[in-house]
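Heads up, the thing below is written out as structure tokens.
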Amino acid sequence: MQSGLAALANTGSSPSAPPPEFPYRMKDLCERSGLPRQAIHFYIQQGLLPQGHKTGRNMAFYGEEHVTRLLTIRRLQHERFLPLKAIRALLDEQDESFSPMQRGFLNDVRSHLGARLFPEQRAASIIRADELLERTGVSRADFDRLVELGLFGARADEADSIDGKGATIIASDDAWIVEMWAEMQSIGFNAEHGFSVDDFSLYETAMNQLFQRETVMLKEWLATLNPAVAASMIERAIPLLSAFIARYHATLIRNFLSGV
């Protein structure tokens, strides 16, 4: 991940006193972000957060940008239930691909899109994993693998915590993925016939590649429009493009079978 924050991180030897832009120790970072030390180290290891300014072998200091980044990660995980894979892609896209002016334009577009794409109360709309699995018949192993593949995010319910371990919850908006896998299994796409949750990764990869190409298009032509007009175009285009993808996929399968 290349960013202004990453460029400031100093991994070499340095004087014992940190520069003014790095005023926080790890304990300060934990207090200001509300995250435990282990989580912050994990985010650094995963490339979501740049390393701090090292002043010794086991001493590093952090800046306000680290706090902002951590609060963003926490919000995306806890309010929007984004998996870490999606968060990393989102942050990398912001750091490397979009200028501040372009991000400002996209924020204006977002403000015009309304609640259909960005529900304001998504954090309140959750479902317990155990209830979802009992209803659908999907195994916990398959559920955990779907999370590992980055198809949706899950976390422990802090409001229902016993000995620090709350029930696993996901956003209700993501329950359809588990429900769809249950339906796929019921029609025969199951372990008995050589299918597994990992086969979903094919479609996840394809859709992510498609979306990356779409972001290039956004940069090239959306910025030439008024944000309100661009938002209206996006909202009206989404169901059309979704229908095109579904129908064209069916066309490819039909053409393949016709030529066998």
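Residues: numbered from 1 along the sequence shown.
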remark   = Residues Asp174 and Gly153: closest non-hydrogen pair is OD2-N, 4.4 Å
query = Should Met207 and Leu149 be regarded as members of a common hydrophobic cluster, given that ILVMFWY residues are connected when their side-chain heavy atoms come within less than 4.5 Å of each other, either directly or indirectly?
reply = no
request  = Using distance alone, with no hydrogens and no angle criterion, decide if Arg140 and Thr168 have a side-chain donor and acceptor under 3.5 Å apart.
outcome  = yes
task = Indicate the atoms forming the closest heavy-atom contact of Cys30 with Ile40, along with that distance.
result = SG-CD1, 3.9 Å
request  = Look at the side-chain heavy atoms of Ile, Leu, Val, Met, Phe, Trp and Tyr, link any pair under 4.5 Å apart, and say whether Val147 and Trp176 land in one connected group.
outcome  = yes
query = How long is the span from the CG atom in Asp28 to the CD atom in Glu31, to the nearest 0.5 Å?
reply = 6.0 Å
task = Could you walk me through whether His53 and Glu21 pass the side-chain contact (heavy atoms from CB on, under 4.5 Å) test, one step at a time?
result = CA-CA 10 Å; His53 178 92; Glu21 62 266 34; over 6 Å; no
request  = Spell out, yes or no, whether Ile177 and Ile87 are grouped together once hydrophobic residues are joined by side-chain heavy atoms under 4.5 Å, including indirect joins.
outcome  = no
key: Tyr203 atom OH: more than 12 heavy-atom contacts under 6.0 Å   = no
request  = Output every pair passing side-chain hydrogen bond (donor to acceptor under 3.5 Å, both in side chains) with a member in residues 37-48, not counting sequence neighbours, ordered by first then second residue.
outcome  = Tyr43-Gln77
key: Closest non-hydrogen atom pair, Val178 against Val138   = O-CG2, 3.7 Å
ask   = Using the ring of each side chain (for Trp, its six-membered ring), is Tyr62 parallel, tilted or perpendicular to His66, with breaks at 30° and 60°?
value = perpendicular
key: Taking every non-hydrogen atom, the tightest pair across Gln185 and Asn190   = O-ND2, 3.3 Å
message = Could you check whether any side-chain N or O of Asp199 sits under 3.5 Å from a backbone N or O of Ser196, counting only pairs where one atom can act as donor and the other as acceptor?
response = yes
key: Value rounded to 0.5 Å, distance of CG in Leu132 from CD1 in Ile126   = 12.5 Å
inquiry  = Other residues, nucleotides and ligands only: do more than 12 of their heavy atoms fall within 6.0 Å of CZ on Arg145?
reply    = yes
request  = Examine the side chains of Gln212 and Asn208 and answer whether a donor and an acceptor come within less than 3.5 Å of each other.
outcome  = no
query = Taking the side chain from Arg155 and the backbone from Ile170, do they hold a donor-acceptor pair closer than 3.5 Å?
reply = no
inquiry  = Looking at Ser232 and Ala228, would you say the former's side chain and the latter's main chain have a donor-acceptor pair under 3.5 Å?
reply    = no
request  = Report the C-alpha separation of Met233 and Val229 in whole Å, then their side-chain angles, then the decisive distance to 0.1 Å, and conclude whether the side-chain contact (heavy atoms from CB on, under 4.5 Å) test is met.
outcome  = CA-CA 6 Å; Met233 291 172 61; Val229 173; 3.9 Å; yes
task = Quick one: do Phe143 and Phe152 satisfy ring pair (Phe, Tyr, Trp, His ring centres under 6.0 Å)? Show the steps, please.
result = CA-CA 10 Å; Phe143 175 89; Phe152 56 85; 5.5 Å; yes
message = ring pair (Phe, Tyr, Trp, His ring centres under 6.0 Å), that's the test. Do Phe61 and Phe22 meet it? Break it down for me.
response = CA-CA 5 Å; Phe61 288 81; Phe22 295 100; 8.7 Å; no
query = At their closest point, which heavy atom of Arg74 faces which heavy atom of Ser33, and how far apart are they?
reply = NH1-O, 3.0 Å
key: Side-chain (Ser186) to main-chain (Glu183) donor-acceptor, under 3.5 angstrom   = yes
request  = Drop me the distance from Leu210's CG to Ile245's CD1, to the nearest 0.5 angstrom.
outcome  = 5.5 Å
query = Does the side chain of Tyr24 come under 3.5 Å of the side chain of Glu64 through a donor N or O and an acceptor N or O?
reply = yes
task = Kindly determine whether Leu70 and Leu48 satisfy side-chain contact (heavy atoms from CB on, under 4.5 Å), including the steps that lead there.
result = CA-CA 9 Å; Leu70 285 171; Leu48 290 162; over 6 Å; no
remark   = Rounded to the nearest 0.5 angstrom, the CG-CZ distance for Leu71 and Arg75 is 9.5 Å
ask   = Do side-chain atoms of Arg88 reach the backbone of Gly47 as a donor and acceptor pair under 3.5 angstrom?
value = no
inquiry  = In this structure, would Leu240 and Phe211 fall into the same cluster of hydrophobic residues linked by side-chain contacts under 4.5 Å?
reply    = no
ask   = What is the distance from atom CZ of Arg247 to atom CZ of Arg254, rounded to the nearest 0.5 Å?
value = 9.0 Å
remark   = By salt bridge (charged side-chain N to carboxylate O under 4.0 Å, His left out), Arg135 pairs with (sequence neighbours left out) Glu179
ask   = Under the side-chain hydrogen bond (donor to acceptor under 3.5 Å, both in side chains) test, which residues partner Thr136, sequence neighbours left out?
value = none
ask   = Phe244, Ile238: one ILVMFWY side-chain cluster at the under-4.5 Å cut-off?
value = no
request  = Would you give the length of the straight line joining atom CG of Leu146 to atom CG of Leu151, rounded to the nearest 0.5 angstrom?
outcome  = 5.5 Å
